[in-house]
Amino acid sequence: MKKNHFVLLSAAAVMLFTSCSKLGSLSADNFTVTPNPLETHAGEVPATINGHFPEKYMKKKAVVEVVPELRYSNGQTVQGNPATFQGEKVLGNDQTISYRLGGNYTMKTNFAYADDNKADMYLTFNARIGKKVVQVPEVKVAEGIIATSELYKKTLTTANAALAPDAYQRINKQKQEANIKFLIQQATLRKSELKNNSVQEFVKMLQKINADREGLNLDNVEVSAYASPDGGFSINDKLANERQKVSEQYVNQELKKIKMNANVDAKYTAQDWDGFQELVKASNIQDKDVILRVLSMYKDPEEREQQIKNISSAFRELADGILPQLRRARLTINYETIGRSDEQILQQIKDDATKLSVEEMLYGAALKENINEKEDVYKLTTEVYPNDARAFNNLATIQYARGNYEAAKQYVQKAQSVASNLPEASANLGMLALQSGDLKAAEQYIANATGANGLSEVLGNLHLAQGNYAQAEQDFGEIYSNSAALAQILNKNYASAAVTLKYIKNADAVTEYLKSVLSARMGNLDDAAAALKSALAKDPSLTEYANKDLELKNVQK
C-alpha cells in the first residue's frame, strides 16, 4: 500500500511539474488583426492586434513577449513593435494576465514596407516561467498585403517637376504722364510749363507712337484738370473747367501737328481734396496729423477749408508747399507695347538669339513641343544669360521627365548656385528627394518653395507619399495625372478618379494599371481585366507585381 501511494504521489508531481513548466500553443483564433489583409500607408504597414490569452494559460510566474513579424515573399523579415505580458506573481510593470480568467489585450505595431506586395504576418513569442525559457509556437495571424499606396513611386515618374516661368507678355499696358502747373486763380498755359521735361517727354511719346517704330499702340489720352481746395467751390469749379479746356486744346494741337487721330478724354475736379490729403500725408508739416484729423471729421468743403485756415501755424506751410502743386492739369498717354510674335521669337532664336531678352528666350523654349528642341533652347539661354537660374532649373525638369534624376539634381544645384532663392529649384529638390524615398528631406525642401510655379502639384505628390490622401487630392485640384488619380482612389473618391484617368494626357502603363485597380474596387471585373491587359502590354515588368496584387485577386490575368 505504501509503495502504491508513493507511485501515485510521484505521478501527480510529474503532472504538476509538466503543467507548470509549459505554456502550450496559441491558435490564430486567439488573435484578430486589423486590417486583414494588411495595407501600406506612408511607407509603413500599420496593424492593430487584438489578442486573447485563454483561461489557465498564463502561469502565475510566466512572462511572455509577443513579437509581430512581417515576412515578405522576397525573403525579408521585418519585426514590429513587441509587447510584454506577465503572470500574477511576477513583479513588473507589464500588463498582468489572470491565470484563472485569462485576459484580452490590444497592441499596435508598424512594419517598414520592403518593396514587396506579398507578405504574411506572424506572431512569435519569447516566454519564460520563472527563470526557465519555454517554447511557444509562432502563429500566423494575417495573410497578404495591399500596397496600392506605394504605387506613388511609379506615379512620380510621370509627375511634373516645377518649371520656372518666363515673364514675357507680348502686349503690355503702359502710361506716360505730364504735369502742367497753373498760377493761383489762373488758367493760362505758361510757356515755361510747356517746356518742362514731363511735357516734352509727353510730346515725344506721342510722336513715337505715331511713327510706330517700337511696336506701340495708343489707347487714349486723358486730360485731368484740378483746382486746389482753397477759394470756395463755385470759383474753383469754374477755374478747373477752364484749366481742362486749355489743356485739352493743347493736346489736340499737338495731335494735329503730327496728324494723329486719338481719343482725348477730359475731365476736371473742382476741389482736389484727395490730392491734398495725399500731399499732406507725404509732407513734413508740423501739424499734419491735426490737418488729417480735420479732413476725416468734416466732409463739407467749406467747413474743411475754414477749420484748416484756423490752424494758422500750418496754413502758411500749406499755402507755400502744398496748394501750388494742386493747381494743375495731368496729361496721361495710355498705350500698349507690342512685342515679338511667337513666330518672330522662334525665328530670332534661329537667326541670332543674343538679340532676344531672357524672357523671350524662356518663352520661346516653352513654345517648343519637342522635348529635345526645348532642351536646346534652354541650353542656349544658359549661354546667353548665364546669370539667370531659371533656364538651369528648367533643364532639370527635362532630365526629370526622362528619368535622369542625377542629371536633374546637377542642374538644380547649378540653378541654386546662380540664385539660391529660386523657389522652383527648392521644389524640384523636394521631388528628387521623394524619388529617392527621403520624405523628411522632401518636406524640408518643399517648405522652402513658397511661391513656386506648379507648387500645388509638388505638394500633392508630397502629401500622397505621406499618406495624407485627402489633402493630396485637394492639392492636385484640376490636375489630371497618375498621382492625382491615385490620391483619389486611396481617398475612395472613385467617381473623380475615373474622370482623372480618362483625361490624362499621354496615358502610360501606370495609368492603365490604376484603371484596373479602380475598376476592380468598383466591381467591374471585365473592365479591370481589359485595363490590366493594356498595362502589361505597355510595361511587362508590372506582371510580377500584378500577380501578387490583392487588389486584382479576382481579375482574370
Side-chain angles (χ1 to χ4, degrees), residues 157-174 205 208-219 335-405 407-419 422-425 427-428 431 451-458 478-481 503-508:
T157 61
T158 53
N160 292 312
L163 188 76
D166 63 87
Y168 179 70
Q169 285 185 302
R170 190 182 180 207
I171 298 177
N172 293 282
K173 297 288 185 180
Q174 304 283 354
M205 180 54 71
K208 190 174 184 180
I209 294 172
N210 193 44
D212 196 25
R213 295 172 183 171
E214 303 293 333
L216 305 173
N217 181 53
L218 179 68
D219 285 339
Y335 67 101
E336 298 172 337
T337 59
I338 304 174
R340 290 182 174 91
S341 66
D342 294 358
E343 294 75 14
Q344 289 172 325
I345 289 176
L346 291 174
Q347 186 60 48
Q348 191 62 54
I349 289 174
K350 291 181 180 180
D351 296 341
D352 184 2
T354 61
K355 293 183 179 180
L356 294 171
S357 69
V358 65
E359 305 301 341
E360 288 174 316
M361 292 194 71
L362 291 171
Y363 177 75
L367 292 174
K368 297 286 189 180
E369 294 186 3
N370 181 283
I371 192 170
N372 295 325
E373 293 179 0
K374 192 184 296 287
E375 180 181 30
D376 291 340
V377 178
Y378 282 134
K379 285 183 176 179
L380 184 58
T381 305
T382 64
E383 296 171 7
V384 179
Y385 295 100
N387 294 324
D388 196 296
R390 290 174 294 174
F392 292 106
N393 176 83
N394 294 352
L395 283 168
T397 67
I398 290 176
Q399 295 300 333
Y400 184 94
R402 290 172 173 163
N404 299 330
Y405 303 123
K409 184 176 182 180
Q410 291 175 7
Y411 274 124
V412 174
Q413 290 173 337
K414 177 62 178 177
Q416 287 200 315
S417 70
V418 174
L422 185 68
E424 288 79 14
N428 289 333
M431 289 291 285
N453 181 47
L455 180 59
S456 292
E457 183 171 0
V458 174
E478 297 300 317
I479 294 171
Y480 299 110
S481 69
Y503 289 105
I504 288 177
K505 187 178 180 181
N506 301 321
D508 61 0

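Residues: numbered from 1 along the sequence shown.
Between R390 and T381 the shortest side-chain heavy-atom distance does not fall below 4.5 Å. No side-chain heavy atom of T397 sits under 4.5 Å from any side-chain heavy atom of N160. Residues L356 and R340 meet the side-chain proximity criterion, which asks for heavy atoms closer than 4.5 Å. The shortest distance between side-chain heavy atoms of T337 and I171 does not fall below 4.5 Å. Contact of the K355 side chain with the E360 side chain is not registered, since no non-hydrogen atoms from C-beta on lie closer than 4.5 Å. Between K414 and T382, the closest side-chain pair of non-hydrogen atoms is not below 4.5 Å.
Residues passing the salt bridge (Lys or Arg N to Asp or Glu O under 4.0 Å) test with K173, sequence neighbours excluded: D219, E336. Scanning for salt bridge (Lys or Arg N to Asp or Glu O under 4.0 Å) contacts around R170 gives an empty result, with sequence neighbours left out. Under the rule for a ring-ring contact (aromatic ring centres under 6.0 Å, His included), Y378 has no partner lying at least two apart in sequence or in another chain. For D166, there are no salt bridge (Lys or Arg N to Asp or Glu O under 4.0 Å) partners, not counting sequence neighbours. Residues that satisfy the salt bridge (Lys or Arg N to Asp or Glu O under 4.0 Å) test with E375, not counting sequence neighbours, are K379, R402.
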Given the rule in the side-chain contact (heavy atoms from CB on, under 4.5 Å) test, do L216 and M205 qualify, once you have shown the distances and angles that lead to the verdict?
CA-CA 10 Å; L216 305 173; M205 180 54 71; 4.3 Å; yes
Let's go through Y411 and I398 carefully: what are the C-alpha distance in whole Å and the side-chain angles of both, what is the deciding distance for side-chain contact (heavy atoms from CB on, under 4.5 Å) to 0.1 Å, and is it a yes or a no?
CA-CA 10 Å; Y411 274 124; I398 290 176; over 6 Å; no
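With values rounded to the nearest 0.5 angstrom, S357 atom OG is found 8.5 Å from L362 atom CG. Remark: N428 CG to N393 CG distance equals 5.0 Å, nearest 0.5 Å. Here the CG atom belonging to N172 is positioned 12.5 Å from the CG atom belonging to N217, to the nearest 0.5 angstrom. Distance CG/D342 to CG/L367: 4.5 Å, rounded to 0.5 Å. The CG atom of D351 sits 11.0 Å away from atom CG of L346, with the distance rounded to the nearest 0.5 Å. Atom-to-atom distance recorded for Q348:CD and T354:OG1 is 7.5 Å, nearest 0.5 angstrom.
Without hydrogens or angle criteria, E424 side chain to A162 main chain gives no donor-acceptor distance under 3.5 Å.
Of all non-hydrogen atoms in Y363 and I345, the two that sit nearest each other are CD2-CD1, 3.6 Å. Residues Q416 and A425 come closest through the heavy atom pair CG-CB, 3.7 Å. Across every non-hydrogen atom of A389 and V418, the tightest pair is N-CG1, 3.7 Å. For the residue pair A427 and A452, the shortest heavy atom distance occurs at CB-CB, 4.3 Å. What you find for L218 and Y335 is that their closest heavy atoms are CA-CB, 4.1 Å. The minimum heavy-atom distance between N394 and A164, with the atom names listed, is OD1-N, 2.8 Å.
No more than 12 heavy atoms of other residues, nucleotides or ligands lie within 6.0 Å of NZ in K409, so this atom counts as exposed by the packing criterion.
For residues 384-404, the set of pairs meeting the ring-ring contact (aromatic ring centres under 6.0 Å, His included) definition, not counting sequence neighbours, comprises Y400-Y405.
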